[in-house]
Amino acid sequence: MEFPGALLESLRRAQRVAVLTGAGISQESGLRTFRDSQSGIWAKYRPEDLASPEGFRRNPQMVWDWYAWRRLAVEGVRPNAGHYALVQMALHFADFTLITQNVDGLHAAAGTRAPIELHGNIRHVRCSECAARAEHWDESEKQVPRCALCGGLLRPDVVWFGEPLPRAELERALRASTECQVFFSIGTSAIVQPAASLPYAARRTGAIVVEINAESTPLTGAAAFSLRGKSGEVLPALVKALWQ
Ligand code: NAD
Ligand code: ZN
């Protein structure tokens, strides 16, 4: 795989790098995108009913069951070469921030330290009333489990349609994006806000924006470099081209 000399040069000089990832980086681990994951018995429901506060209020059991099913799917998967290449890459920069829209926890599983999980983590569960994190719950229980502190219904600790992103995470992500010299947008369709605005914030403050995606996206035209391909192939090749 050949990379533009100017890109390699910029990366060898860079000290501060930020990376935004989306569902595409987990595709080679076998995880399907949001809409794809609505197969089988779930195909008849709209995502807004399965992943929104209104949907949960209307039918908590259905929402809980859908997430229990997705948790099971995530448990069986491993990080892929793309996740691991980002761990390698981090070693070469004084400042490296990984921001993800994924809820699968695979960046942390690969060894990335303190990834910013903008949309939460599907492996975590919290109370829908008092927000306390639940460490233990009975997955085999047929009913939605309840909070040990207040008795409220437990829910997945992810950001649903119509909910705000966690403020501290969003602020950290914005700071890293506006302070970096190189910004990577990897495996994201770059349309879900506010994450989609991060590459533009980086570009405004002078960063070189690099996109890695299997297809073109609304960001492609605005990126300084657009690398077309699977992240599990492009990222290891890039690490090799840079430092081996
Ligand atoms: P998306 O599904 O909208 O876009 C995925 C992008 O990845 C596409 O542009 C596609 O061309 C690209 N892609 C697919 N396979 C690829 C590969 N092997 N290498 C490189 N690129 C590849 O995903 P999104 O932009 O992350 O936004 C969807 C929303 O759904 C997010 O809010 C996210 O939280 C949620 N989601 C999370 C997961 C997860 O945690 N694994 C999975 C699905 C959806
Ligand atoms: Zn509670």
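For this chain, numbers begin at 1 and follow the sequence in order. Start at 1 and go down the list; that is how both ligands and their atoms are numbered. Because the structure is a prediction, the values reported are computed rather than measured.
- At a 3.5 angstrom cut-off on N or O pairs, V103 counts as close to ligand 1.
- Nearest heavy atoms, V144 versus L154: CG1-O, 3.6 Å.
- Look at G229 and you'll find a heavy atom under 4.0 Å from some atom of ligand 1.
- Below 3.5 Å of separation, one finds an N or O of A23 facing an N or O of ligand 1.
- Distance check: Y67 OH to M62 CE gives 10.5 Å after rounding to the nearest 0.5 Å.
- Polar contact with ligand 1: absent for K230 (N/O pair, distance under 3.5 Å).
- Selection from L235, T188, L20 by nearest heavy atom to atom 25 (O) of ligand 1 gives T188.
- The N/O atoms of G187, backbone and side chain alike, include one that comes under 3.5 Å of an N/O atom in ligand 1.
- Take a cut-off of 2.8 Å around the Zn ion (ligand 2): the protein N, O or S atoms inside it are C127 SG, C130 SG, C147 SG, C150 SG.
- In this structure, the side chain of N102 engages the main chain of A23 through a donor-acceptor pair within 3.5 Å.
- Exactly one residue among M89, H83, H107, E117 makes a side-chain contact (heavy atoms from CB on, under 4.5 Å) with L98. That residue is H107.
- With hydrogens and angles ignored, the 3.5 Å screen pairs a side-chain donor or acceptor of E163 with a backbone N or O of W160.
- Every atom of ligand 1 with a heavy atom of H119 under 4.0 Å away is listed here by number and element: 31 (C), 32 (O), 33 (C), 34 (O).
- Counting only residues at least two apart or in different chains, side chain to side chain donor-acceptor pair (under 3.5 Å) contacts with residues 191-205 are absent.
- A donor-acceptor distance shorter than 3.5 angstrom exists from the side chain of Q61 to the backbone of K142, with no hydrogens or angles considered.
- Between Q27, R228, Q101, it is Q101 that holds the heavy atom closest to atom 35 (C) of ligand 1.
- Taking any N or O of I212, backbone or side chain, none lies under 3.5 Å from an N or O belonging to ligand 1.
- Between R70 and ligand 1, not a single N/O pair is under 3.5 Å apart.
- With H119 contributing its side chain and Q101 its backbone, the two residues share a donor-acceptor pair below 3.5 Å.
- Counting the atoms of ligand 1 from 1 in the order shown, those under 4.0 Å from a heavy atom of E28 are 17 (C), 18 (N), 19 (N).
- When each atom of ligand 1 is checked for a heavy atom of G22 under 4.0 Å away, the hits are 26 (O).
- Sparse packing is recorded around CZ of R113, with 12 or fewer heavy atoms of other residues, nucleotides or ligands lying under 6.0 Å away.
- Of the candidates T220, T188, L227, E211 forms a side-chain contact (heavy atoms from CB on, under 4.5 Å) with just one, namely T220.
- Between the S128 side chain and the L153 main chain, a donor and an acceptor come within less than 3.5 Å of each other.
- In terms of N/O distances under 3.5 Å, ligand 1 is approached by S189.
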